[in-house]
Amino acid sequence: MSQLVDLVIFGGTGDLSSRKLLPALFQLHRHGLAERLQRIVATGRSEMDTDAFRQIARDNLLRYLPDDDWDETIWSEFRERLHYVRVEAAHAEHYRALASLLQEGHSQGQLYYLATLPALYGEICQQLQAAGAVGEHSRVVLEKPLGHDLASCQQINHQVDQVFSEEATFRIDHYLGKETVQNLLALRFGNQLFQPMWNNTFVSSVQITVAEEIGVAGRGSYYAETGALRDMVQNHLLQVLSIVAMEPPASLQASDIRDEKMKVLRSLEPITAANVKERTVRGRYAEGAVDGHAVKGFLEEDEFQHAEDTETFVALKASINNWRWAGVPFYLRTGKRLSRRYSEIVIEYRRPPFSLFANDPQELTNKLVIHLQPEESISLHTLNKKPGLRSKLKLQPVELHLTDDQQRVEDSYDAYERLLLDALHGDQTLFMRRDEVETAWRWIDTIIAAWEENSTPIKNYNAGTMGPNAATALIAVDGRQWHE
Ligand code: BG6
């Protein structure tokens, strides 16, 4: 892509744009990293002028940026980049007005960020093309959810593909923009230490947890039809799993990394009606207390009264059928209204083949714990001698911290900053390729079909706990417990 790029956000007045995209762009500008970016053109259905939009953007930035990051001087520069154009998805004349605005500037490239209803993505792309707004240096970013199942995902991909090539299409999974997910690549492939032990000879299980405190009030029409499996596992958890499990890539080029992730997704053993009962747990929060505050149950929210078939929690046991991982369970879980917000990956190693120590606590194993949030860190759980004269050779657990926490706090950024920067520079490494998303949907669709066939019940859990008891049982039958 040429030097200067105009970023056009469809859904520019929406929630994602206000909470994530504009704050991320402000931060890139503040750090002097937005030199490729010329104008930011927000589009929406409301009738308003650019000044009114700038005022709304300012209010939202003040609301969503950390207080210390706000700076009036930076704002006065940043506001000049902001523009607003009214665009209704089906109105060709609106796209022509947008196209003529884009022609006025000095940019040679355009980055279209689609953050509207995904059902509109195909139409928006076609209208842009018809208005002459798509050229050799145009790219498109697609927000999730990319469909509701494999068929709808394929349809969106097919429609977008009529206008933008795969090389020009950037499918977002914001978990790939999180620092620790990228650090996993550095840890795995920058060190000789871990690679020889990254397989079923040494690893006994892997856990991936994405726990959230928040509920889903306010997301009615979307969440009622989606549920935790589609909303979180299809994308975020499977993307993290594929980075944990992939083979060393030929290079760090996007295509090499995506080839290896694809192989993992293709090796996932299908969960079918025959084993869905032992492999999955669906949950739904009932009333309870989160962070000391009483909260309603999911079905008590007005918008979800009829959503009896929507899960807000899912736990499952996945198997990767390849030489490296055969026999190693990958336990995944995610849910809303859990006891606290945290995301982590736990690589649990096997116990030594024979124990020499009288007091060897069987439950203590070596673990590599990778925290994604709220804080980002990596620690290795080992055993060593309890110090002192009194204890001869007694073992105790010790955590070795493998990250520089101070630097991490100073250099922290939001995932959307990373991803917007990469999209502006045309780097697809942290974006999902079409075959990845579709393969992930194929695996998820099989689970949903199995749930339907078995009428798999949804178990209640009280808000503020870590999910239904059945999730504890899912892993306890294998002699394990969730890392908490
Ligand atoms: C989104 C889901 O993709 O990710 C939300 O739609 C979820 O339901 C969010 O809350 C979690 O993102 P993060 O970065 O806060 O863990």
Side-chain angles (χ1 to χ4, degrees), residues 11 14-21 23-24 27 64-66 113-118 141-149 153 170-184 208-241 243 282-285 290-291 295 298 301 303-304 307 310-314 332-345 370-377 412-420 430-432 436-437 440-441 444 463 466-467:
D15 184 58
L16 183 83
S17 177
S18 311
R19 272 190 315 112
K20 292 288 182 184
L21 304 182
Q27 298 286 33
Y64 293 115
L65 278 173
Y113 197 119
L114 309 195
T116 59
L117 283 178
V141 180
L142 307 178
E143 250 306 327
K144 73 173 276 264
L146 268 185
H148 184 72
D149 52 18
C153 176
F170 291 67
R171 295 180 191 79
I172 286 246
D173 185 311
H174 77 278
Y175 267 60
L176 294 179
K178 291 186 191 280
E179 175 78 356
T180 316
V181 175
Q182 295 156 67
N183 204 5
L184 197 51
I208 302 175
T209 295
V210 177
E212 296 185 275
E213 276 184 15
I214 53 166
V216 277
R219 299 178 76 193
S221 56
Y222 165 72
Y223 203 86
E225 306 208 331
T226 307
L229 185 71
R230 290 186 172 99
D231 183 45
M232 297 294 287
V233 180
Q234 189 275 338
N235 36 77
H236 307 323
L237 278 87
L238 287 186
Q239 283 296 314
V240 171
L241 173 143
I243 291 193
R282 305 175 80 191
R284 172 177 55 223
Y285 61 84
V290 176
D291 211 11
V295 295
F298 178 71
E301 302 278 2
E303 53 195 325
F304 297 119
T310 303
E311 78 284 344
T312 61
F313 174 98
V314 63
L332 314 185
R333 71 177 166 162
T334 182
K336 306 285 183 200
R337 288 279 190 240
L338 300 183
S339 57
R340 65 192 170 98
R341 174 177 184 252
Y342 76 100
S343 302
E344 66 176 22
I345 307 162
I370 300 153
H371 293 281
L372 269 50
Q373 55 195 25
E375 71 288 338
E376 299 177 328
S377 66
S412 69
Y413 56 83
D414 186 81
Y416 278 94
E417 292 174 51
R418 167 86 274 152
L419 296 174
L420 280 164
L430 300 177
F431 294 84
M432 298 180 293
E436 289 181 69
V437 189
W441 269 123
I444 293 292
M466 276 309 283

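In listed order, ligands and their atoms are each counted from 1. What's counted below: heavy atoms across the whole structure, side chains too, no hydrogens, waters or symmetry copies.
- Within ligand 1, the atoms closer than 4.0 Å to a non-hydrogen atom of H236 are 1 (C), 3 (O), 4 (O), numbered from 1 in the order shown.
- Listed by number with element, the atoms of ligand 1 under 4.0 angstrom from any heavy atom of K144 are 1 (C), 2 (C), 3 (O), 6 (O).
- Each of the following atoms of ligand 1 lies closer than 4.0 Å to a heavy atom of Q373: 13 (P), 14 (O), 16 (O).
- Using modelled atom types and a 3.5 Å distance limit, the side chains of R284 and T312 yield no donor-acceptor pair.
- Considering only non-hydrogen atoms, atom 12 (O) of ligand 1 lies nearest to H174 out of M232, H174, R219, R341.
- Nearest protein neighbour of atom 11 (C) of ligand 1, counting heavy atoms only, is E212 OE2, 3.4 Å.
- Those atoms of ligand 1 with a heavy atom of K178 less than 4.0 angstrom away are 13 (P), 14 (O), 16 (O).
- No hydrogens or angles considered: a donor-acceptor pair under 3.5 Å links the side chains of Q373 and S343.
- With a 4.0 Å cut-off on non-hydrogen atoms, K20 does not touch ligand 1 at all.
- A heavy-atom separation below 4.0 Å is found between I214 and ligand 1.
- Atom 16 (O) of ligand 1 has as its closest protein heavy atom Y175 OH, 2.4 Å.
- Taking every heavy atom of both residues into account, T310 and G227 meet most closely at CG2-CA, 3.6 Å.
- Residue-ligand proximity, K336 to ligand 1, at heavy-atom distances under 4.0 Å covers atoms 5 (C), 7 (C), 8 (O), 10 (O).
- Taking both residues in full, the closest heavy atoms of M432 and V437 are given as CB-CG2, 3.7 Å, listed atom of the first, atom of the second, then distance.
- For V210, no heavy-atom contact with ligand 1 is shorter than 4.0 Å.
- Remark: side-chain polar atoms of Q239 are not paired, donor with acceptor, to backbone N or O of L176 under 3.5 angstrom.
- Within the listing of ligand 1, atoms 2 (C), 5 (C), 6 (O), 8 (O) sit less than 4.0 angstrom from a heavy atom of D231.
- Between F431 and F170, the angle of the ring planes goes over 60°, which puts this pair in the perpendicular group of the 30/60° scheme.
- In this structure, R340 forms a cation-pi arrangement with Y342, its terminal cationic atom sitting closer than 6.0 Å to the ring centre and no more than 45° off the ring axis.
- A salt bridge links D231 to K144: one of the charged nitrogens lies within less than 4.0 Å of a carboxylate oxygen.
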